[in-house]
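Chain A is the first sequence line, chain B the second, and so forth, proteins listed ahead of strands; every chain is numbered from 1.
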There are 2 protein chains.
Amino acid sequence: MANPVLVEVTRGGRVESRHHGMIAVLDAHGHVAYAAGDIDAAIFPRSACKAIQALPLVESGAADALGFTDREIALSASSHSGEDEHIALAGSMLAKVGRSVADLECGAHWSGQQNVLIHQARTRKAPDALCNNCSGKHAGFICACCHLGVDPKGYTGYEHPLQREIRVAMADVTGAHIGEDVAGIDGCAIPTYAVPVKALAQGFAKLVTGTGLSEGRAAAGKRILTACMAEPFYVAGTDRACTELMQAAPGRIFAKTGAEGVFCAALPEHGLGIALKCEDGATRAAEAMIAAVLMRYFADDAEVTAALEAMANRTLINWNGTEVGAVKAVLPH
Amino acid sequence: MANPVLVEVTRGGRVESRHHGMIAVLDAHGHVAYAAGDIDAAIFPRSACKAIQALPLVESGAADALGFTDREIALSASSHSGEDEHIALAGSMLAKVGRSVADLECGAHWSGQQNVLIHQARTRKAPDALCNNCSGKHAGFICACCHLGVDPKGYTGYEHPLQREIRVAMADVTGAHIGEDVAGIDGCAIPTYAVPVKALAQGFAKLVTGTGLSEGRAAAGKRILTACMAEPFYVAGTDRACTELMQAAPGRIFAKTGAEGVFCAALPEHGLGIALKCEDGATRAAEAMIAAVLMRYFADDAEVTAALEAMANRTLINWNGTEVGAVKAVLPH
């Protein structure tokens, strides 16, 4: 099935570029509330499922035992920009279990955000693993291991007990088959599993409602989503889409992006989960798509709609500040 | 007409993302040597047609009068990375006509290349217009104006005499209609005109052979392409695709990228011009596409083929240096 064009990039009144994609909105029982494109296709959720990957940290009691607040839990489910606050918090999480940057297995990279990269370039010789956008998640992984009495060494490996725990949680939440045959390696070295778009959406509906999950997993899931919505800066960072979406409707939108044009979201009031992918992997398109699909659920709130509309139909300006076009979602009804 | 998938991005043995696009290879007479996708579609060539935009500078005699070498001419047709050598040369071009950075109308931006941005952040407070990737082209524009006795002020405007000259050259070279109805504003403030992919390809075949052009324009076109092939660093920069493609086969490949997934190229030995666009605007896909289509013409040269193959089927490694997938062109025969 060919995926429809969901985002158009315009210039001078013409469409200059087009993005195809798929979007699924489901409730926890598997009812499809909205769909576009091939939602049966299996996609790698990449970082968009970090809230699921953080379940062992919270469900095991590690987060409570270590006195983690919403900030630490949000950072455990984040793809942060590497701002000073993110780096410091990831370091302090590791310190609580007597570990350090040396234990992180995510690798190091400069920030992908221009302003943050400029700051990093001026204040450090090179990035370390705490600067990695996944360092909060990895710090959470190490904390979970230490609390469970498992040696964190090799925690990124497919056969490590922590990754096995994550597979069990992932299969339970999404209802999809999770195994080596659907595995790839993510940017930060851990396994990522291809799951159908609609399974991912249903999974986030289950996470936000608790429906179909054990009491402990349901509580942990809600706590993670609530923490992210309470501390959106710690899920992404300054001027980042996830942060802005959750700031636009505090406590009413959970949203998390993933590499290669993925977005997952959850709407507590509606009990709905959302998953989408831009077929070509473009972040700009995934951002327009998630904002546009979220607009469907905030039609009666002008303020939220205005914030979402700015992201769903983003004006492009050139280096002189002249408006030259737009990146606009064109979702079917 | 739906454009075919021309590039696949893989991870863990699966296709994670897909890029659609169109490719045209034509000779100067309009014979189609290779095509994929809708080559009748009009696209904005953006920076991929800078060699055509540089024609007035050379054809007017300005480049000769100012003693420009291959480097200055290459920089006039460049989208450079803002490395120190690029910035210095653009400044020296302006100085030759008694002008300076203050006369540039392209706006300022930090380098889009991470290593260059880090260097810029450490050595300057903010970027100026000489750092703009188009500053060499704009310096060339100003030099052409000064040589022709035209006030360069407002040289980026649609009605400025220089832009009128460029429109005439663009229409002559591509054979396409060029006017306000097909115009948009480019990132650097000048007009950009939507032309069919195949017209763009034929235009570069005319430029590289001189066929169908006046003697003066033919000589100017060849000089510009030759200068770019002789000084590929000044067309883009360190680790950039245009530079690497022209270094891979010195004097045998002219190649120039444009924003939103465009690439134009010319093959002097074959008298062919190439134009392509990744439908979604992705640079990574346009690079794989141009390398793959160029491979068709270097099958008997193992060294060139190896260099092109590395770009047509690029291995993706994660932050730990582990191979996780590839960006690979999948062109139809």
Which atoms of [X] approach chain B - backbone, side chain, both or neither, heavy atom under 4.5 Å:
X	answer
A:Thr192	side chain
A:Asp181	backbone
A:Cys134	neither
A:Ile118	both
A:Ala194	side chain

Tell me which of these, [options], has more heavy-atom pairs under 4.5 Å with chain A than the rest.
options	value
B:Gly184, B:Pro191, B:Ala121	B:Ala121
B:Ile43, B:Val182, B:Leu316, B:Thr322	B:Val182
B:His19, B:Arg14, B:Gln120	B:Arg14
B:Val7, B:Ile317, B:Leu117	B:Leu117
B:Glu8, B:Glu323, B:Arg46	B:Arg46
B:Gln114, B:His109, B:Lys277	B:His109

Contacts satisfying salt bridge (Lys or Arg N to Asp or Glu O under 4.0 Å) that involve residues 192-201 of chain A (not counting sequence neighbours) are A:Asp40-A:Lys198

Nearest-0.5 Å distance, [atom1] of residue [X] to [atom2] of residue [Y]:
X	Y	atom1	atom2	value
A:Asn3	B:Arg18	CG	CZ	8.0 Å
B:Asp280	A:His20	CG	NE2	8.0 Å
B:Trp319	A:Leu104	CH2	CG	15.5 Å

Residues A:Arg284 and B:Glu260 bridged, charged N to O under 4.0 Å | yes

When every non-hydrogen atom of B:Glu16 is compared with those of A:Phe44, the smallest separation belongs to OE2-CB, 3.6 Å

With chain B, the option among A:Gly325, A:Gly107, A:Gly187, A:Gly112 that has the most non-hydrogen atom pairs under 4.5 Å is A:Gly187

Sub-3.5 Å donor-acceptor pair from the side chain of B:Asn318 to the main-chain atoms of A:Cys188, do we have one? no

Indicate yes or no for a side-chain donor-acceptor contact from A:Asn320 to the backbone of B:Glu105 under 3.5 Å, with no hydrogens or angles considered.
yes

Here the ring-ring contact (aromatic ring centres under 6.0 Å, His included) pairs for residues 178-201 of chain A, sequence neighbours left out, are none

